[in-house]
Amino acid sequence: MARIETQFSCQACGAITPKWVGRCTQCGAWNTIVEETTRKKSSSRSGAPIAFSKPEPVSAIDADHAARVPTGMSELDRVLGGGVVLGGVTLVGGDPGVGKSTLLLQALAALSQKGCRALYVSGEESAGQTAARARRVGVGSDDLLILAENDLEAIERAIEETKPAVLVVDSVQTVRAPELESAAGTVTQLREVAARIVERAKRSRIAAFLIGHVTKDGTLAGPKVLEHLVDTVLAFEGERGHALRTLRAHKNRFGSATEVGVFEMTSDGMREVPNPSAFFLSERPKNVAGSIVAATSEGTRSMLVEVQALTVAASLGSPRRTVSGIDAQRLAMILAVLERKSGLHVSGCDVFVNVAGGVHVDEPAMDLPIALAVASSLQDRPIFPDIVAFGEIGLSGEVRAVPRAEARVAEASALGFRRAILPASVAAKLRNPEATKLQKSTAMDLAPVASLDEALALAM
Ligand code: TYD
Ligand code: MG
C-alpha cells in the first residue's frame, strides 16, 4: 500500500528539513526550501528471496576494465579520460546557453558515425529543434536517434526498445518520474530520475550523460544529490561575450580530474582548440606595459596565457580591484606583497587584472606573472619580449616551487619564447639533465628567481 508523505528540501544542497524555513540550515542559501510530496513503497523486502554478496580477497576478484569508446573529439576525450565508458554515467553542468546541448549532440553524432547507436533525449526542445541543431553542426547518421520526452517511463521504454550504446538526457531537471507527485526538477525527482538512469546504464552497459543546469550561485541544482550518484562530473564554462569554452572534470572515476578541454563556439557548432596557447596569445600586443605571458598547467597539458594589468590613480574612497579570469583574493594577497615587500605603492591605485581570451586560471603559479604585470603597468615599463613567467609568491615575497615546470618550459619553448622566469628551486631540477626530459638543445634561457624583487629586476 502506498503512503503520501511531505517533506521540505533545499534545491541547492539537497538537505531535508521537517518544516519550511526561509534559509537552509545546511548551506545557508535563502529561499531554496520547497515542499515535496513523495510517495513511498510500504515494504521493499517481501516475496522473492534475497541474494547477499560475500566479501572476497582482493586478489581473487577480477579487476573491471572500463570499456572505452573514443568520441573522436579529442578535447572531450581528454577530459573523460580517453573516451566514453560503457556503463559509466557523466553529469555535465553549465550555465544556460553555454553550449551543453551543442557539445553533447556533436559527441553523439561523432559516435553514431562510428556505428555506435546513440539516443539523444531532449526534455527541453522538440525533436524538430534538435534535428535542426544536428543539421547545423553537420550530422547525419541513422544511428543517431532523437526523442523529445519528459516522462521517465517513456524514456526507459525507448531505451529498452532502441538499446543505445550512448545516451544523453537533456536535461535531467526536465525529466519527471510519473509515480512521484512532485514537479520536475525538485530534489526528489532529480534523485529518482538520476538513480534510475544510473541503474539502467550500469545494467545495460550504456555510456550515459545527464545534462544539468547550474543555479545562479554556480552550483548544480541539487548538486550533492547527483554528484555522488554519477561516475564523472564535468563543468562546461565560458565567459559571456567570449567564444571560448572550457570543459573541466570535477570528479572522474575513470580518469584524471585535472584535465581541461578547450573549445570555441562557432556558428556551426563547437570547434576544438587543440593548441590553446596559440589561441590565447593570438592577439597579444608587443612591448606594452602591463602585459606578460604566464605558463600555466592544467592536467597533462601546459597552456600559455596572457595576463594584463592596468593601474590608475584611485580617485575617491577605497581603490578598486577588478579581476577577470583570476581569483580576486589572490590578487589582494599579491598586491599586499608588492606594497610591503617590494615597496610599490599599489594601495593608492585602482587595479584591473585580466586573463586575455576569457579563460579562467586558478593556480598559484599565476602569482608571479600577475605581480610582474601589475608592477609593469605601475611603472609604465614593458616586460622584455619573449619572456614567460610562472611561480607561487609567499607572504614574505619569496618565489616558491610549482609542479610540472618541465611541461611549462617545453610549451614556452615550442611557442618561440626565449626566456623563462621561474622559481629557483625548480630551475635547479630542470638544469640537471638526468632529472628532466627537456631536450638539451632547447633554446630556452632559464632565469631562476628566489624572490619577487629578483623577478622584477629580471623582467623589466
Ligand atoms: P546550447 O547548446 O543550446 O546551450 P545549453 O544547452 O548549454 O543551454 O547553445 C546555446 C547557444 O549557442 C545559443 O545562444 C546559440 C549558440 N550556438 C552557436 O553559436 N552555434 C551553434 O552551432 C549552435 C548550435 C548554437
Ligand atoms: Mg540545452
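Just follow the structure's listing: the first ligand is 1, and inside any ligand the first atom is 1.
Considering Gly97, Ala134, Ala132 only, the shortest heavy-atom separation from atom 10 (C) of ligand 1 involves Gly97.
Within the structure, the closest approach of Pro96 to ligand 1 falls below 4.0 Å when heavy atoms are considered. At least one heavy atom of Asp95 sits less than 4.0 Å from an atom of ligand 1.
Proximity of Thr266 to ligand 1, defined as any heavy-atom pair under 4.0 Å, is confined to the backbone N, CA, C and O atoms. Residue-level proximity to ligand 1 for Lys100 is carried by backbone and side chain together, each with a heavy atom below 4.0 angstrom. The side chain of Arg136, and not its backbone, has at least one atom closer than 4.0 Å to an atom of ligand 1 (non-hydrogen atoms only; side chain from C-beta on). Contacts of Asp268 with ligand 1, taken as heavy-atom pairs under 4.0 Å, involve the backbone alone.
The closest side-chain donor-acceptor pair between Thr296 and Glu363, if any, does not fall under 3.5 angstrom. With hydrogens and angles left out, the side-chain atoms of Asp170 and Ser122 include no donor and acceptor closer than 3.5 Å.
Contact annotation: the side chain of Leu103 never approaches that of Met265 to less than 4.5 Å [non-hydrogen atoms, C-beta and beyond]. In this structure the side chain of Glu306 reaches within 4.5 angstrom of the side chain of Pro285, judged on heavy atoms.
Distance check on atom 13 (C) of ligand 1: every protein heavy atom falls at or beyond the 4.0 Å cut-off. Within a 4.0 Å radius of atom 21 (C) of ligand 1, the protein contributes at least one heavy atom. Atom 5 (P) of ligand 1 is approached by the protein to below 4.0 angstrom, counting heavy atoms only.
In this structure, the side chain of Gln189 engages the main chain of Ala177 through a donor-acceptor pair within 3.5 Å. At least one donor-acceptor pair under 3.5 Å links the side chain of Lys202 to the backbone N or O of Gly87.
Not one N or O of Glu125 is nearer than 3.5 Å to an N or O of ligand 1, by distance alone. The shortest N/O to N/O separation between Gly99 and ligand 1 falls below 3.5 Å.
The CG atom of Leu368 lies 9.0 Å from the CG atom of Leu422; values are rounded to the nearest 0.5 Å.
Nearest heavy-atom pair, Arg408 versus Ala365, reported as atom, atom and distance to 0.1 Å: NH1-CB, 3.3 Å.
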